[in-house]
Participant: 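Let me begin by handing over the structure; questions about it come next.
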Protein chains: 2
Amino acid sequence: MILKSQVEWVLHCCAILAGLPENRYLSTKALAEFHGVPKEYLSKALQSLSQASIVVTTLGPSGGYRLAKVPSEITFLEIVEAVEGKASTFVCSNIRTNNPCRPADYCETKPCAVARIMWEADEAWRAKLRSVKLSDLVDTLSKEIPADLWKSSFEWVLQRT
Amino acid sequence: MILKSQVEWVLHCCAILAGLPENRYLSTKALAEFHGVPKEYLSKALQSLSQASIVVTTLGPSGGYRLAKVPSEITFLEIVEAVEGKASTFVCSNIRTNNPCRPADYCETKPCAVARIMWEADEAWRAKLRSVKLSDLVDTLSKEIPADLWKSSFEWVLQRT
DNA sequence: GGCGCTCTACTCGGATAAAAGCTGTCCGAGTGCGCGTGG
DNA sequence: CCACGCGCACTCGGACAGCTTTTATCCGAGTAGAGCGCC
């Protein structure tokens, strides 16, 4: 069970978009070149973000993506779920109904106990992601990345808005 | 990102094995029939449990599997990791090194900030699974399943040990 | 009666294969901006 | 100088292909117990 690489890509893309001036759009091409990933496939991931109302897009030249909200109002969970889907990582196929001793008219009252535990673990994972905001990531990055690299990266990006 | 169906299977199998008398072995065939899953493929999952020292196996007739430890000393995490592997659900491909502004001799001091957050979420998931023991599942099941079904199920199983 | 042999039921591990999901590519349609041309 | 139209750069969406993982299935090798025959 491994998350799609698209998850990593869009998280980094959001970090870049968060540093953009208001109402500036960045094209898929620029984001793909900056991160060294295939443009067309990254485009699919960004479309998912768009459908989830995390980013907004403009067509035509000087078009591209920008964040739909302030970075402090975007959680990691939103971004991850936009790409991976909101479904739980554990699916219960109700294996217990195959029990040969089970009467045909037996009716379950609760979801399977195994599934309940697995869903709780899934929820713990989501809760952690929900607690981290995009602005937290930007704060961390701006502290850890050397100032000159930080600056030149945004100059590189701004040339392509 | 969805867990293997084998995870569900082995969790239910462990619940059955936990209810077995000491030193009785249950065959793959019986476990597969009881849960209505393919015998040979379930066998692969049980082999993983065996390699992780969660169950022990005996060859020959009246052979099969039994738990290697007391149910209160087996965590959900052990079982899930035996099947899914211990690797994190998020793999960092170090996308940041593709930054075109990055000097060639630049050396990272810390793992990527994005990865660190994702790994924390992964750890939250594992921590939850680590906190639940197999004996907790058995307790819950024995309360929720009607006594007659519980009893007849174990009679069915005991006939095949 | 005791020893050993065979037979059987089971696990283990490898080889194989179908199905599904992930990763990546390609192309046509639609859209908005800028440029050029003509009034 | 202004208006209109054309072309370009971009997004969007669908179609498609290769690869990996998941989900199986099959079969031979090895093992332990049961039953049988032989001494």
Side-chain angles (χ1 to χ4, degrees), chain A residues 1-10 13 17 23-33 35-66 68 80 82-85 87 89-91 93 95 159-161, chain B residues 1-10 13 17 23-33 35-66 68 80 82-85 87 89-91 93 95 159-161:
Chain A
M1 187 194 64
I2 290 180
L3 289 166
K4 301 186 200 181
S5 53
Q6 284 186 334
V7 172
E8 183 184 9
W9 301 356
V10 295
C13 286
L17 292 177
N23 280 324
R24 293 290 275 278
Y25 293 81
L26 194 55
S27 72
T28 309
K29 192 181 164 196
L31 285 169
E33 279 178 14
H35 292 118
V37 300
K39 164 178 164 283
E40 321 246 10
Y41 191 38
L42 175 63
S43 165
K44 300 258 181 269
L46 294 173
Q47 281 171 41
S48 304
L49 291 190
S50 173
Q51 285 183 356
S53 302
I54 296 170
V55 299
V56 291
T57 162
T58 311
L59 297 181
S62 82
Y65 293 94
R66 69 170 171 83
V80 172
V83 174
E84 282 287 334
T89 56
F90 182 85
V91 297
S93 62
I95 219 182
Q159 279 182 357
R160 286 144 226 259
T161 56
Chain B
M1 187 194 62
I2 290 180
L3 289 167
K4 301 186 200 181
S5 54
Q6 283 186 336
V7 171
E8 184 184 9
W9 301 356
V10 295
C13 285
L17 292 177
N23 281 322
R24 293 289 276 278
Y25 292 82
L26 195 56
S27 72
T28 309
K29 191 181 164 196
L31 285 168
E33 281 179 13
H35 292 118
V37 300
K39 164 178 164 285
E40 322 245 10
Y41 190 38
L42 175 63
S43 165
K44 298 262 180 268
L46 294 173
Q47 281 172 41
S48 303
L49 291 191
S50 173
Q51 285 183 357
S53 302
I54 296 169
V55 298
V56 290
T57 162
T58 311
L59 298 181
S62 81
Y65 293 94
R66 71 170 170 82
V80 171
V83 174
E84 282 288 334
T89 56
F90 182 84
V91 297
S93 62
I95 219 180
Q159 280 181 355
R160 287 144 225 257
T161 55

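These numbers were taken from a predicted model, which means no experiment stands behind them. Throughout, a chain's letter reflects where its sequence line sits, starting with A, and its residues are numbered from 1.
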Participant: A:Tyr41 side chain: which of C:dC12, C:dC10, C:dT23 is closest?
Facilitator: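 Among C:dC12, C:dC10, C:dT23, the one nearest the side chain of A:Tyr41 is C:dT23.
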Participant: Assuming nearest nucleotide by heavy-atom distance, tell me which of A:Glu40 and B:Thr28 is located more 5' along DNA chain C.
Facilitator: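 Going by which nucleotide is closer to the 5' end, it is B:Thr28.
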Participant: Tell me, with the steps shown, if B:Trp9 and B:Lys4 meet side chain to side chain contact (heavy atoms under 4.5 Å, CB included).
Facilitator: CA-CA 9 Å; B:Trp9 301 356; B:Lys4 301 186 200 181; over 6 Å; no
Participant: Let me know the distance between CD of B:Glu84 and P of D:dT21, rounded to the nearest Å.
Facilitator: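 The distance from CD of B:Glu84 to P of D:dT21 comes to 13 Å, rounded to the nearest Å.
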Participant: Quick check on C:dT23: is either OP1 or OP2 less than 4.0 Å from any side-chain nitrogen or oxygen of A:Ser5?
Facilitator: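 Indeed, a polar side-chain atom of A:Ser5 lies that close.
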Participant: Take the protein atom CG of B:Leu42 and the nucleotide atom P of D:dT25, then report the distance between them rounded to whole Å.
Facilitator: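 After rounding, the reported distance stands at 12 Å.
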Participant: Between D:dT21 atom C1' and A:Met1 atom CE, what is the distance in whole Å?
Facilitator: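 Taking atom C1' of D:dT21 as the reference, CE of A:Met1 is at 14 Å.
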Participant: Just how far, in rounded Å, is P of C:dC10 from CD of B:Gln47?
Facilitator: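 Taking atom P of C:dC10 as the reference, CD of B:Gln47 is at 16 Å.
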Participant: State whether the side chain of A:Glu8 and the backbone N or O of B:Ser93 hold a donor-acceptor pair below 3.5 Å, judged by distance alone.
Facilitator: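 Checked: pair present.
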Participant: Heavy atoms from C-beta onward define the side chain here; which of D:dT11, C:dT11, D:dT25 lies closest to that of B:Tyr65?
Facilitator: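 When the side chain of B:Tyr65 is considered, C:dT11 is the closest of D:dT11, C:dT11, D:dT25.
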Participant: Output the rounded distance in Å from CD (A:Glu8) to P (C:dT23).
Facilitator: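 Going from A:Glu8 (CD) to C:dT23 (P), I get 11 Å.
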Participant: Mark yes or no for a side-chain to base donor-acceptor pair under 3.5 Å between B:Lys44 and C:dG14, with no hydrogen or angle criteria applied.
Facilitator: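 By the distance-only test, yes, there is a pair.
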Participant: Using a cut-off of strictly less than 4.0 Å, decide whether B:Thr57 has a side-chain nitrogen or oxygen near OP1 or OP2 of C:dC10.
Facilitator: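 No, because none of the side-chain N or O atoms of B:Thr57 sits under 4.0 Å from OP1 or OP2 of C:dC10.
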Participant: Look at the side chain of B:Pro61 and decide which nucleotide, out of D:dC12, C:dT8, C:dC12, has an atom nearest to it.
Facilitator: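 Minimum distance to the B:Pro61 side chain belongs to C:dT8.
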Participant: For A:Ile2 and A:Ser62, take the nucleotide of DNA chain C holding the closest heavy atom to each; which residue's nucleotide lies nearer the 5' end?
Facilitator: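 Upstream on the strand: A:Ile2.
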Participant: Tell me if a side-chain donor or acceptor on A:Glu84 pairs with a main-chain N or O of B:Met1 at a distance below 3.5 Å.
Facilitator: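 Yes; judged by distance alone, with no hydrogens or angles, the pair exists.
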Participant: How long is the line joining CH2 of B:Trp9 and P of D:dA24, in whole Å?
Facilitator: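 Value for this atom pair: 5 Å.
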Participant: How many angstroms lie between atom CZ of A:Arg24 and atom OG of A:Ser62, to the nearest 0.5 angstrom?
Facilitator: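 If I round to the nearest 0.5 Å, the distance is 9.5 Å.
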Participant: Let me know, please, whether A:Leu46 or B:Leu59 comes out on the 5' side of the other along DNA chain D by nearest nucleotide.
Facilitator: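 Here A:Leu46 is the residue nearer the 5' end.
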Participant: First locate atom CD of A:Glu40, then atom OG1 of A:Thr28, and finally report the distance between them rounded to the nearest 0.5 Å.
Facilitator: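 These two atoms lie 9.5 Å from each other.
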Participant: Specify the separation, in whole Å, of atom CD1 of B:Ile95 and atom P of C:dT23.
Facilitator: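 Going from B:Ile95 (CD1) to C:dT23 (P), I get 12 Å.
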Participant: Rounded to whole Å, please give me the gap between CZ in B:Arg66 and C1' in C:dC10.
Facilitator: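 The distance from CZ of B:Arg66 to C1' of C:dC10 comes to 17 Å, rounded to the nearest Å.
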